[in-house]
Amino acid sequence: MKCEEILAALNDYVDGDLDPGLCDALEEHLADCNPCQIVVDNIRKTITLYKQGEPLELPPRLHERLCGMLRDRWKMKFPAGGE
């Protein structure tokens, strides 16, 4: 697997759509790719913080940037006009 495929698989995982058959390929890639290991670790830490349920205050600029990214992702999933 290439890094781009790993990132797409991680996005699917976060969305709850990961194909169980990808797990072996994902683990094989992670064994040799430090940048992707860091990404997976960051995702795990983020999920842990979320599950703790404690509110996290973000700096206003970061909040605006994240909201923009979420809007862009939403627009890509559900384009205007239903296409």
Side-chain angles (χ1 to χ4, degrees):
M1 285 184 109
K2 295 181 179 181
C3 294
E4 295 82 12
E5 294 169 316
I6 293 294
L7 293 174
L10 290 173
N11 283 332
D12 290 343
Y13 171 74
V14 171
D15 290 341
D17 299 328
L18 182 62
D19 177 357
L22 289 177
C23 291
D24 291 339
L26 182 79
E27 289 175 6
E28 183 178 324
H29 178 87
L30 288 173
D32 296 322
C33 185
N34 190 50
C36 287
Q37 290 172 17
I38 292 169
V39 169
V40 170
D41 187 51
N42 285 337
I43 290 171
R44 284 186 182 134
K45 288 177 182 174
T46 300
I47 291 170
T48 299
L49 286 172
Y50 176 76
K51 286 182 177 181
Q52 289 174 350
E54 296 175 16
L56 179 64
E57 290 294 323
L58 298 176
R61 288 184 65 192
L62 178 59
H63 183 267
E64 290 170 13
R65 183 174 174 204
L66 288 173
C67 286
M69 291 169 62
L70 290 172
R71 277 191 301 272
D72 291 345
R73 183 174 173 128
W74 184 265
K75 287 177 185 178
M76 289 176 64
K77 264 191 161 176
F78 305 101
E83 295 178 14

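Side chains are part of it too, since the values below use all heavy atoms of this structure and drop only hydrogens, waters and symmetry mates.
- The CG atom of L58 sits 11.0 Å away from atom CD of E64, with the distance rounded to the nearest 0.5 Å.
- Within the model, atoms CZ of R73 and CG of L70 stand 8.5 Å from one another, a figure rounded to the nearest 0.5 Å.
- Summarising the geometry, atom CZ belonging to R71 is positioned 10.5 Å from atom CG belonging to L66; distances are rounded to the nearest 0.5 Å.
- For the atom pair L30 CG and I38 CD1, the distance stands at 11.5 Å (nearest 0.5 Å).
- For the pair Q37 and D32, the tightest heavy-atom approach, listed with the atom from each and the gap, is NE2-N, 4.3 Å.
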